[in-house]
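All values derive from a computational prediction rather than experimental measurement.
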Amino acid sequence: MVTIITERELAADQMALWAKANQAVAAKNYKYAVTILKTVVKKNPGFVEARKALRACELKVVPEGGRRTSLFGGLRLTTTRKDPETVLTTIEEELEKDPYSVSANEALFAAARDLKLNEIAAFALETICQGQQNPKKHLHLLANFYKEVNDFAKAAEAYRRILEIDRTDPIAMRGEKDCAARASMQQGNWEGSGDFRTKMKNANATADLESGDKMGLTRAELESRLAQLSEQYAVDNTNLQVVKDIASVYEQMEDYANAYSFYAYAFTLSGEADVSINDKAMVMHGKAMQAELDYYEQVLAADPENEEARANYEARKKEVALAAVEDARVRVEANPTDAQLQYRYGSALFDAGMFSEAIPALQRARSNPNLRIKAMTMLGKCYASKNMTDMAIRQLEDANKEAIAMDETKKDILYLIGELYEKAGDKAKALENFKTIYEVDYGYRDVAQKVESAYS
């Protein structure tokens with residue numbers, strides 16, 4: 001098992017090589033130093049100091065490194081995931097040619113993280129950030145990693161570096177503030193311990209904290225409550241109720257990323273026994289990702305030519321959809337006879353563009369009387385997305401017959417049927433469905449234009 005080691009832990013022969021490498025560096029014989037340091041690192045993959053010295057020497061030999069390729073997002077040299085220990089000892093061959101290689105450093109990061117070698121993992125991301133003209137994406141990864149290993153001071157610093165690039169980045173703005181606060185909480189924990197009640201100013205403050213109304217608070221009141229809970233957390237960060245309360249406050253503050261983090265931690269503290277906490281965590285995760293989508297939508301609305309924002313939006317949108325699929329899949333596997341879960345699973349698959357996979361789940365959900373019309377409508381959309389127009393029309397017309405009230409659901413069904421008839425070239429039947437909506441809701445979508453243009 002690879003572990004982080006220091007110079008003192010080197011074997012005698014490796015200590016001699018390490019000394020020789022330092023002599024080569026002092027003589028500015030960087031190529032020779034690289035040769036020696038590669039041997040040291042291969043033999044001692046957890047020797048962080050040697051790996052950092054190696055990278056510094058490589059940059060002296062190949063000063064531009066990956067700066068050229070970073071303009072195009074980095075070349076993906078590593079296409080398959082290897083055993084992490086193997087990556088740790090072999091990746092330096094790629095990095096010698098290109099010290100700033102995005103793909104090679106990402107592979108090093110993944111391997112080191114898998115092996116819990118946090119210093120090496122962080123170093124790999126730091127190298128990428130150093131080599132890129134706009135390292136915003138990888139600074140986000142770095143900040144998330146520091147949060148993952150509970151180094152909130154460094155996470156806050158990573159967010160500050162993002163803000164130097166983009167002062168409007170909402171995730172970095174929130175993250176810098178929250179991580180700085182949590183770093184202070186950690187500092188408070190290092191400086192002292194003891195029963196929380198002895199640290200409160202008085203017993204009344206304690207009683208107020210424990211009995212305070214958690215809902216309907218102002219922003220200032222929520223921040224005050226968070227500060228109080230933070231003191232408790234600093235004393236004992238394994239107190240399940242405190243962690244849940246912190247998550248709840250973040251949720252009320254609409255800081256869904258931190259709410260997710262604390263709900264997920266609370267679920268772990270519960271021994272993964274309280275499913276309701278996990279449900280909360282998943283909801284917060286979805287809201288946090290949706291908040292990012294909303295942000296990028298606003299950016300694109302203001303600047304439609306912003307390709308970076310568009311790429312980030314599309315990537316996050318796909319991630320949100322796949323996360324919803326995975327969450328629904330886990331739930332439906334646990335309760336396969338639950339029609340509501342089958343419907344959620346089918347809907348998630350549809351949103352992810354997995355139409356064929358969605359069909360059986362929606363067909364199972366259709367058997368439930370309370371979900372039947374919704375499931376039939378979604379099935380029609382699946383068939384339509386697969387260009388099975390006749391089956392889509394038949395499914396939607398069956399749904400329309402069962403939908404008695406002219407509500408939003410029925411209007412949606414009629415509109416979809418009209419669109420499908422238009423696609424099939426049957427303008428008369430399309431118009432018939434649009435007219436049915438027009439007669440009760442003139443302002444529904446563009447039915448007025450569709451109907452009135454047929455008479456002009």
Problem - Working for side-chain hydrogen bond (donor to acceptor under 3.5 Å, both in side chains), residues S224 and Q228 - result: CA-CA 6 Å; S224 175; Q228 291 177 321; 4.8 Å; no
Problem - Steps toward salt bridge (Lys or Arg N to Asp or Glu O under 4.0 Å) verdict (R160, E157) - result: CA-CA 5 Å; R160 280 192 283 273; E157 176 58 30; 3.2 Å; yes
Problem - Criterion salt bridge (Lys or Arg N to Asp or Glu O under 4.0 Å) on R331 and D338, from CA distance to verdict - result: CA-CA 9 Å; R331 294 169 189 273; D338 190 318; over 6 Å; no
Practice task
Show your working on side chain to side chain contact (heavy atoms under 4.5 Å, CB included) between R161 and I165 and close with a plain yes or no.
Solution key: CA-CA 7 Å; R161 289 161 65 184; I165 299 168; 6.0 Å; no
Handout entry: Residues L10, W18; criterion side chain to side chain contact (heavy atoms under 4.5 Å, CB included); working and verdict
Key = CA-CA 9 Å; L10 291 174; W18 173 237; 4.0 Å; yes
Exercise for the section: Could you walk me through whether R445 and D412 pass the salt bridge (Lys or Arg N to Asp or Glu O under 4.0 Å) test, one step at a time? Expected result: CA-CA 10 Å; R445 300 195 193 183; D412 184 39; 2.9 Å; yes
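Scored by the side chain to side chain contact (heavy atoms under 4.5 Å, CB included) test, A11 finds D13, Q14 as partners (sequence neighbours excluded).
Around CZ of F109, the count of heavy atoms belonging to other residues, nucleotides or ligands within 6.0 Å exceeds 12.
Looking at P45 and R51, their side chains come closer than 4.5 Å, going by heavy atoms from C-beta outward. Side chains of E305 and D303 form a contact here, defined as non-hydrogen atoms less than 4.5 Å apart. Contact annotation: the side chain of K244 never approaches that of K280 to less than 4.5 Å [non-hydrogen atoms, C-beta and beyond]. At a threshold of 4.5 Å between non-hydrogen side-chain atoms, the residues F262 and E251 do not count as touching.
Judged by distance alone, with hydrogens and angles left aside, the side-chain atoms of K60 form no donor-acceptor pair with the main-chain N or O of Y30 at under 3.5 Å. Proximity of a side-chain donor or acceptor of N105 to a complementary backbone N or O of P99 within less than 3.5 Å is detected. Of the possible polar contacts, none joining the Y250 side chain to the D245 backbone as a donor-acceptor pair under 3.5 Å is found.
With rounding to the nearest 0.5 Å, the separation of OG1 in T377 from NZ in K410 is 10.5 Å.
Looking at D236 and N239, their side chains never bring a donor and an acceptor atom within 3.5 Å of each other. Judged by distance alone, the side chains of K386 and S356 do bring a donor and an acceptor atom under 3.5 Å apart.
Between K137 and E308 there is no salt bridge, since none of the side-chain N atoms of the basic residue sits less than 4.0 Å from a carboxylate O of the acidic one. In summary, R329 and E326 engage in a salt bridge, as defined by a charged side-chain N under 4.0 Å from a carboxylate O. Look at E408 and K411 and you find a salt bridge, because one of the NZ, NE, NH1 or NH2 atoms lies within 4.0 Å of a carboxylate O, short of that distance.
Residue K38 is tested with E93, E92, E58 for a salt bridge (charged side-chain N to carboxylate O under 4.0 Å, His left out); the sole match is E93.
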